[in-house]
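Side chains included, hydrogens not; waters and symmetry mates left out as well; all remaining heavy atoms used. Below, chains carry the letters A, B, ... as their sequence lines are ordered, and counting in each starts from 1. For clarity, every value in this text was computed on a predicted model and none was experimentally measured.
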There are 2 protein chains.
Amino acid sequence: MIDLVPDNTLLHHLCMFEDQKMKNRIEIVEDNDVVRDGLQLLINSMSDHTVVGAYESCEMAIKNLDKDSPDIILMDLDLPGMSGIEGIQRIKKRYQDIHIIVITVHEDSEMVFEALCAGASGYITKNANHSRLLDAIDEVQSGGAPMSSKIARMVVSSFQKNQNSPLTSRETEVLELLAKGKSYSVIADELFIHKETVKSHIKNIYFKLHVNSKADALEIARKNKLI
Amino acid sequence: MIDLVPDNTLLHHLCMFEDQKMKNRIEIVEDNDVVRDGLQLLINSMSDHTVVGAYESCEMAIKNLDKDSPDIILMDLDLPGMSGIEGIQRIKKRYQDIHIIVITVHEDSEMVFEALCAGASGYITKNANHSRLLDAIDEVQSGGAPMSSKIARMVVSSFQKNQNSPLTSRETEVLELLAKGKSYSVIADELFIHKETVKSHIKNIYFKLHVNSKADALEIARKNKLI
DNA sequence: AATCAATCACCCAATCTTAGGGATTTTTAA
DNA sequence: TTAAAAATCCCTAAGATTGGGTGATTGATT
């Protein structure tokens, strides 16, 4: 191949400038050395991404955030010291524009929702192949929220109610208004029924859910996605 | 190529059986004739999918559900007569195992969340290319929840709190417990503070949110994702 | 030094909730 | 068609919750 571009200093600087200006700056937080190095190699192999920092703990990553100024962080959840969840919270609190993609083995709903609530923009499980991972970075960069398919289903399912609710639709309606903090009389007005009817419904709800207080009813209802 | 399989009737029947047994049965609900026919052609071009019904309204689709027994329904939201949202609700109520993928132009959060709450397993906007659409069908079939990237981001963002809350962290804590339906005294116990302190916090919350009732506070708080 | 957050305290009056006990009409399902 | 389930309304009474007002202390941050 013929080198069409002479290696002069000016051009070199321009290229460096391009590098720094255009490349997506990625930071990695992962305690397993092999995985971390693998990720780094993989990402650096892409022309438009560059790893600006790779650390084994959130503490280290946070310490270097100003220096590294990443656009995207790939974050494990099991980490020595500060957990990934807490790391996400802290980072998002100070640097709202940084996108964090969780890379983890955990598929349990608790972890998933904690991570998303903490501010993660994506959630990829570690069984994902390399191209999926690189896609995820691009997806985040272009305004998406990459998720492994199981995770996406969990997330979408979280919007959907339990179809096998023991409650009638009217009772569910009442419970939903109760969940909004409305009083019996307001609920009565909104449903165009008597306040005493609301009370009856609530009595039946408590009976069906085996509880005897509003807080318990709401807890059971939310846990079982009745509302 | 040598035809290793002689064309006998038994085998033909076996193949037909295979066809019916193995192919993913897709139903389409879309009022635009051109789009509907296009979708049908596209899907039938895949060896492992077959369109078992294509209708211009939910009413028609629902009428033929037993006959068609689709695995997956592609559903538009703007439809004459019954809306797509209501269609999803009705279909999911009776046939919980059918997966519904919304295919629409709408990217507004209201539509998205209504559709997901109603029971949609995926949400693809109409600017998606053909391969993305076919991928979506496979994704649903294998337990995923295909979403256009904007939609995925909206969904993920819905888990995240507003970072610019006017409330202090303590006030947020109190409001969250209030949202769970807990009484002042229970909140006080859980936060190890005096009941009167809880009342003070709540008064401050009401002041900051310009409301003067629990229901209004919760409404504002949820609308602004303070909790 | 000044501000803000969080904490605690007291008073009053109105409203709401809970827990019993009923009863009637409509809808739905067998 | 009949029986069951759901939705509706009613009563009493004690006790708890709530909203509004006022004020004070401590500690952290700026």
Side-chain angles (χ1 to χ4, degrees), chain A residues 89-90 93-94 161-221 226-227, chain B residues 62 66 89-90 93-96 161-222 224 226-227:
Chain A
Q89 278 169 339
R90 299 218 184 170
K93 191 161 186 174
R94 290 242 166 271
K161 284 188 198 169
N162 182 350
Q163 297 278 322
N164 304 321
S165 172
L167 304 181
T168 69
S169 62
R170 198 55 155 176
E171 285 163 354
T172 304
E173 234 173 339
V174 170
L175 195 55
E176 273 166 358
L177 293 173
L178 210 54
K180 289 182 179 171
K182 311 213 172 179
S183 69
Y184 288 16
S185 35
V186 170
I187 295 174
D189 287 350
E190 293 199 7
L191 296 181
F192 304 107
I193 58 181
H194 200 276
K195 196 204 299 196
E196 293 298 331
T197 308
V198 174
K199 288 167 68 171
S200 280
H201 285 310
I202 290 177
K203 270 186 285 189
N204 291 334
I205 292 167
Y206 288 0
F207 174 75
K208 288 185 181 177
L209 301 186
H210 310 295
V211 298
N212 58 350
S213 78
K214 180 169 65 172
D216 289 345
L218 291 180
E219 191 188 337
I220 298 288
L226 307 182
I227 56 171
Chain B
I62 290 174
D66 280 318
Q89 279 170 339
R90 298 218 184 173
K93 192 162 187 174
R94 291 242 167 271
Y95 310 84
Q96 294 180 224
K161 283 187 197 170
N162 183 350
Q163 297 279 322
N164 303 320
S165 172
L167 304 181
T168 69
S169 62
R170 198 58 155 177
E171 285 162 354
T172 304
E173 234 172 339
V174 170
L175 196 54
E176 273 166 359
L177 292 173
L178 211 54
K180 290 182 178 170
K182 311 214 171 177
S183 68
Y184 287 16
S185 37
V186 170
I187 295 174
D189 287 350
E190 293 200 9
L191 297 181
F192 304 108
I193 58 179
H194 199 276
K195 194 205 297 193
E196 294 298 333
T197 309
V198 174
K199 289 173 65 172
S200 283
H201 286 310
I202 290 177
K203 272 185 280 193
N204 291 335
I205 292 167
Y206 288 0
F207 174 74
K208 288 184 181 177
L209 301 186
H210 310 295
V211 298
N212 56 351
S213 79
K214 181 168 65 173
D216 289 345
L218 291 180
E219 189 188 340
I220 298 287
R222 293 202 167 110
N224 295 290
L226 307 182
I227 56 171

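- Between B:Glu219 and B:Asp216 there is a side-chain heavy-atom pair separated by less than 4.5 Å.
- Around CZ of B:Arg222, the count of heavy atoms belonging to other residues, nucleotides or ligands within 6.0 Å exceeds 12.
- A distance of 8.0 Å separates CG of B:Leu209 from CG of B:Asn224, quoted to the nearest 0.5 Å.
- Less than 4.0 Å separates DNA chain D from at least one heavy atom of each of the following residues of residues 189-207 of chain A: A:Ile193, A:His194, A:Glu196, A:Thr197, A:Lys199, A:Ser200, A:His201.
- Contact of the A:Ile205 side chain with the A:Thr172 side chain is not registered, since no non-hydrogen atoms from C-beta on lie closer than 4.5 Å.
- Note on A:Ser185: a side-chain N or O is less than 4.0 Å away from OP1 or OP2 of C:dC16.
- Note that the first and last nucleotides of DNA chain D, 5' to 3', having any atom under 4.0 angstrom from a heavy atom of chain A are D:dA6 to D:dT12.
- Following rounding to the nearest Å, A:Ile187 (CD1) and C:dC16 (P) show an atom-to-atom distance of 11 Å.
- Interatomic distance, OG of B:Ser185 versus NE2 of B:His194, reported as 11.0 Å (0.5 Å rounding).
- With rounding to whole Å, A:Leu209 atom CG is found 13 Å from C:dT18 atom P.
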Just do the salt bridge (Lys or Arg N to Asp or Glu O under 4.0 Å) check on B:Glu190 and B:Lys180 with the steps written out, would you? CA-CA 13 Å; B:Glu190 293 200 9; B:Lys180 290 182 178 170; over 6 Å; no
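- What separates OH of B:Tyr184 from C1' of C:dT17 is a distance of 14 Å, to the nearest Å.
- Between A:Asn212 atom CG and C:dT17 atom C1' the separation is 12 Å, expressed in whole Å.
- Mapping B:Lys182 and A:Ser169 onto DNA chain D via the closest heavy atom, the residue that lands nearer the 5' end is A:Ser169.
- Two residues are said to be in side-chain contact when any heavy atoms from C-beta on lie closer than 4.5 Å; A:Leu177 and A:Val198 fail this criterion.
- At a threshold of 4.5 Å between non-hydrogen side-chain atoms, the residues B:Lys93 and B:Arg90 do not count as touching.
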